[in-house]
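The shown structure was predicted, so the numbers you read here are calculated from the model rather than taken from an experiment. Quick note: numbers below take in every heavy atom, side chains included, and nothing from hydrogens, waters or symmetry partners.
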Amino acid sequence: MPLLEVRHLVKHFVRSQGLLRPPSVVRAVDDVSFTIDEGEMFGLVGESGSGKSTTGRCILRLIEPTSGEVLFRGENVLHFTRQRMRMARRDMQIVFQDPYSSLNPRMRVGDIVEEPLVIHDLGSKTERRARVAELFQLVGLEPGHITRYPHEFSGGQRQRIGIARALALNPALIIADEAVSALDVSIQAQVVALLMGLKERLKLTYLFIAHDLRLVEHICGRVAVMYMGKIVELGTAQALFSRPTHPYTKALLSAIPVLDPDGPRQRIELNPASFEREAPLKEIGAHHWAAV
Amino acid sequence: MTEPLLDVQRLTVTFGGPTPAVDDVSFFVLPGETLGLVGESGSGKSVTAFSILRLLQPPGRISDGRVIFEGRDLLALPEREMRAVRGARISLIFQEPMTALNPVMRVGDQIAEALTVHGKATRGDARARAAELLDAVRIPDAARRVRDYPHQLSGGMRQRVMVAIALACRPPLVIADEPTTALDVTIQAQVLELLRELKERYNLALLLITHDFGVIAEMADRVAVMFKGRLVEQGPVREVLRHPAHEYTRSLLAAVPGMR
């Protein structure tokens with residue numbers, strides 16, 4: 001059984017346009033299905049507005065999906081009661097992109113990391129403190145710094161604080177929503193190394209949401225490409241990057257700057273008329289699907 | 001050898017702290033060439049750009065150095081003459097088109113303003129030139145788009161408007177500070193392509209500031225690497241990418257995902 005299975009997930013945002021005009025509907029997530037196995041690093045890529053973050057948030061019900069199913073260990077979390085959902089969130093945590101706005105500036109970082117334990121009423125005060133110190137060590141932060149405030153840390157360190165908070169409840173699944181996108185490349189490399197190390201040590205499963213294809217190719221086992229609310233291609237990173245098949249994937253890959261000034265540079269422009277938007281995913285190779 | 005268009009000599013900028021933000025930095029840009037200035041946040045690359053145009057905000061202060069442009073030291077010019085340089089001889093493209101553009105002014109008027117301020121056109125002519133410029137930066141239906149406000153345009157379109165404003169007076173040098181960082185990769189590719197094209201057409205020199213070595217590899221003739229306020233390495237882009245001499249350049253290249 002996969003750890004996470006998303007079936008026909010749909011999220012429509014409806015915007016009223018006044019009394020006389022019909023409301024407009026944005027199909028942010030439009031019939032998205034995929035599975036993630038235990039221990040996998042699954043990449044969800046796409047450009048802004050493709051629906052990748054909305055998908056991540058719908059899985060945690062931070063945004064209520066319009067329809068579909070989200071099975072976590074075989075149970076549909078969309079049917080959970082509030083209380084049950086709160087328990088489920090122990091197992092599913094999210095790390096956000098912006099380490100500046102996602103940490104409360106008026107809380108000490110030790111309290112930020114401890115907060116999930118307090119909310120779920122786990123352990124005594126001393127046990128929680130010990131756990132926070134352990135978490136700090138785990139993500140490479142100085143345990144002596146727990147009484148400091150977020151502004152005293154650099155972007156990379158703040159992201160480590162966000163990761164420590166996400167790990168506090170021993171989750172099985174981490175949704176990393178552009179978790180390293182705002183960081184400088186050298187810091188990004190360190191935080192990625194941390195995430196990979198934690199994956200092995202703690203047997204974590206990741207849904208890694210990102211727009212940086214170079215990074216995703218490097219670290220994810222399987223990758224799904226989203227375009228305008230739909231998954232247009234899905235496969236092992238190896239298959240998808242060596243044999244991109246959907247016109248959008250091809251355009252996206254060809255747009256990545258290459259480090260070789262003499263390297264081949266063939267920009268492929270996306271021609272929206274070259275594919276059928278409603279085409280279902282079709283198996284086109286071993287572990288490789290495309291909506292063509 | 002060709003005379004440099006811009007020659008920055010031993011530039012030092014302090015913000016009142018013990019270590020200068022820009023420390024003894026020297027580089028030059030030849031007419032028509034692209035120099036990539038690469039470094040991570042806080043390395044001093046944007047401060048360098050702002051210093052060249054003398055747009056530094058206090059407590060930032062240029063404590064030493066010279067900025068020779070078209071034979072004159074910009075740091076020694078009276079402010080009035082400096083204003084004639086900004087926009088007309090050297091223009092600047094920012095990372096965030098939404099904050100750099102005036103939200104309550106039609107984009108055509110913003111382009112026209114760049115022309116009239118420098119006496120390059122009368123108000124009437126400027127209108128027509130604005131539409132031409134929007135067309136030159138490949139905005140479809142330019143004649144109608146001049147009447148749009150920035151919020152009516154997509155991120156990529158706004159950045160094209162910024163490019164149009166920067167090019168309005170046909171400056172010989174354009175400084176682009178992370179011009180595509182806020183854009184999606186497909187839009188970034190289009191804007192870079194546009195810059196390359198316009199550079200050819202108008203024989204522009206480009207000082208391209210970025211943290212992305214991929215962008216440098218695609219665009220630059222030469223590259224200068226900044227680290228903690230200092231220039232640690234500079235040279236032809238092929239040379240630096242293939243045989244990085246400085247430890248920091250090597251680590252920066254190694255950190256680029258997918259670099260093998």
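Rounding to the nearest 0.5 Å gives a distance of 8.0 Å between OG of B:S43 and CG of A:D184. How far CG of B:D212 is from CG of A:L259: 8.0 Å, rounded to the nearest 0.5 Å. Note that NE2 of A:H211 and OG1 of B:T186 are 11.0 Å apart. Values are rounded to the nearest 0.5 Å.
The candidate from B:A220, B:A217, B:S251 with the greatest count of non-hydrogen atom pairs under 4.5 Å with chain A is B:A217.
Residue B:R144 qualifies as open at atom CZ: its count of foreign heavy atoms under 6.0 Å is 12 or below. Applying the 6.0 Å contact sphere to NZ of B:K228 captures no more than 12 heavy atoms from other residues, nucleotides or ligands. Sparse packing is recorded around CZ of A:R201, with 12 or fewer heavy atoms of other residues, nucleotides or ligands lying under 6.0 Å away. Counted within 6.0 Å of CZ on A:R277, heavy atoms from surrounding residues, nucleotides or ligands total more than 12; the atom is thus considered enclosed. Heavy-atom contacts from other residues, nucleotides or ligands closer than 6.0 Å to NE2 of A:H12 number more than 12.
Listed here is the closest heavy atom pair of A:R214 and B:V256: NH1-CG1, 4.1 Å. Taking both residues in full, the closest heavy atoms of A:E47 and B:I187 are given as OE2-N, 4.4 Å, listed atom of the first, atom of the second, then distance. The shortest heavy-atom contact between B:V185 and A:L213 is CG1-CD1, 4.4 Å. Heavy atoms only, all atoms of each residue included: A:D260 and B:R242 are closest at OD1-NH2, 3.2 Å. Listed here is the closest heavy atom pair of B:R238 and A:D262: NH2-OD1, 2.6 Å. Shortest non-hydrogen contact noted between B:A255 and A:S186 is CB-CA, 3.8 Å.
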Inset, instruction - Apply the test side-chain contact (heavy atoms from CB on, under 4.5 Å) to residues B:Q190 and A:E269: give CA-CA distance (whole Å), side-chain angles for both, the deciding distance (0.1 Å), then the verdict. - result: CA-CA 9 Å; B:Q190 292 166 11; A:E269 291 268 342; 4.1 Å; yes
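Using a 4.5 Å cut-off on side-chain heavy atoms (C-beta onward), B:Q188 and A:P257 make contact.
Contact annotation for A:A255: both backbone and side-chain heavy atoms come within less than 4.5 Å of a heavy atom of chain B.
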